[in-house]
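Have a look at the structure below before the remarks.
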Amino acid sequence: MSFGSGDSPTRKTQLLFLFPLMYRPQKANVASQFILLSRWHGGHIFALSGGKQRHVPVGDFFFHSEKFEKGALNRFFKGLWIQIILPLRLLRGKTRVSAVVSYDPYRSGLAALILKYVLRCKMIVELNGDYHRVEPGGRGQAIMRRLFNLTLGSADAIKVLNVDQEAFCRKAFPRSAVYRIPPFVATEYFQSLETGQGDYLLSVGQPFDPARHEAIARVV
């Protein structure tokens, strides 16, 4: 099933998105985001999920995943496989990729860094948490911190959510461009409801503004 349509993705700027985990690309917030991006871009999405999936269309993007398994080490290497080996098999020498976008600066960030140099494209790393304030836990803390500094320091652009993240990145990684863009919210879902009386939803954040999201297009 296709969620949205547009020109053939081969006619558009090609982007790769790397997510640590995504169960269903059909969910409103995920599908709506990529349908919107399909106005300007096409490409592929790579993640771990509840099962193996290939070439699931979401707008002008295609979703690919491997099954999420127990065990941190297992997830780490399976995540690298789906985000490095599969993209290279699908795209190397066939499609010109403009940028790879990593949802976090850790495992997905490492995969994005490798793809950046192999595919000769730009790299955008997103900060979707207070990673700059909260040290990663577990025995791999030192390695995670090195990955954090390596991927953000190597990024062509960093996407942050708030002024605190922005100030930190501009000071710590002056060579990387920093863009502050609110998170995506699929507000059209709530507008489609027949009534809003009797039920309440508390959303802590900011409704999505399509005009601001276009700022990321200037990076690629």
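FYI, side chains are in, hydrogens and waters are out, and symmetry mates aren't considered; it's all heavy atoms of this structure. Source: prediction; values computed, not measured. Index from 1, following the sequence.
The shortest distance between side-chain heavy atoms of F17 and L37 falls below 4.5 Å. A 4.5 Å side-chain heavy-atom check between E126 and I158 finds every atom pair outside the cut-off. When side chains are defined from C-beta on, L18 counts as touching V100, because their heavy atoms get closer than 4.5 Å. M22 has its side chain within reach of I45: a pair of non-hydrogen atoms, C-beta onward, lies under 4.5 Å apart. Here the side chains of F61 and H41 are in contact, with some heavy-atom distance below 4.5 Å.
Here S49 contributes atom OG and R24 contributes atom CZ; the two are 11.5 Å apart, rounded to the nearest 0.5 Å. Atom-to-atom distance recorded for R170:CZ and E166:CD is 4.5 Å, nearest 0.5 angstrom. In this structure, OH in Y117 is found 5.5 Å from CG in L113, a value given to the nearest 0.5 Å.
Taking each heavy atom of S98 and C121 in turn, the nearest pair found is O-CB, 3.5 Å.
Remark: the backbone N or O of H132 is not paired with any side-chain donor or acceptor of Q165 at under 3.5 angstrom.
Centroid-to-centroid, the aromatic rings of F63 and F34 stay 6.0 Å apart or farther.
D60 has no carboxylate O lying under 4.0 Å from a charged side-chain N of R39, or vice versa, which leaves the two without a salt bridge.
For the side-chain contact (heavy atoms from CB on, under 4.5 Å) criterion with L16, the lone passing option out of H44, K116, M123, Q83 is H44. When each of K78, R54, Q53 is checked for a side chain to side chain donor-acceptor pair (under 3.5 Å) with E66, only R54 meets the rule.
Partners of R120 by side-chain contact (heavy atoms from CB on, under 4.5 Å), not counting sequence neighbours, listed by chain and number: R96.
A 6.0 Å sphere centred on OH of Y103 holds no more than 12 heavy atoms belonging to other residues, nucleotides or ligands.
Placement of F173 and V163 in two distinct hydrophobic clusters is found when ILVMFWY residues are connected by side-chain heavy-atom separations under 4.5 Å, directly or transitively.
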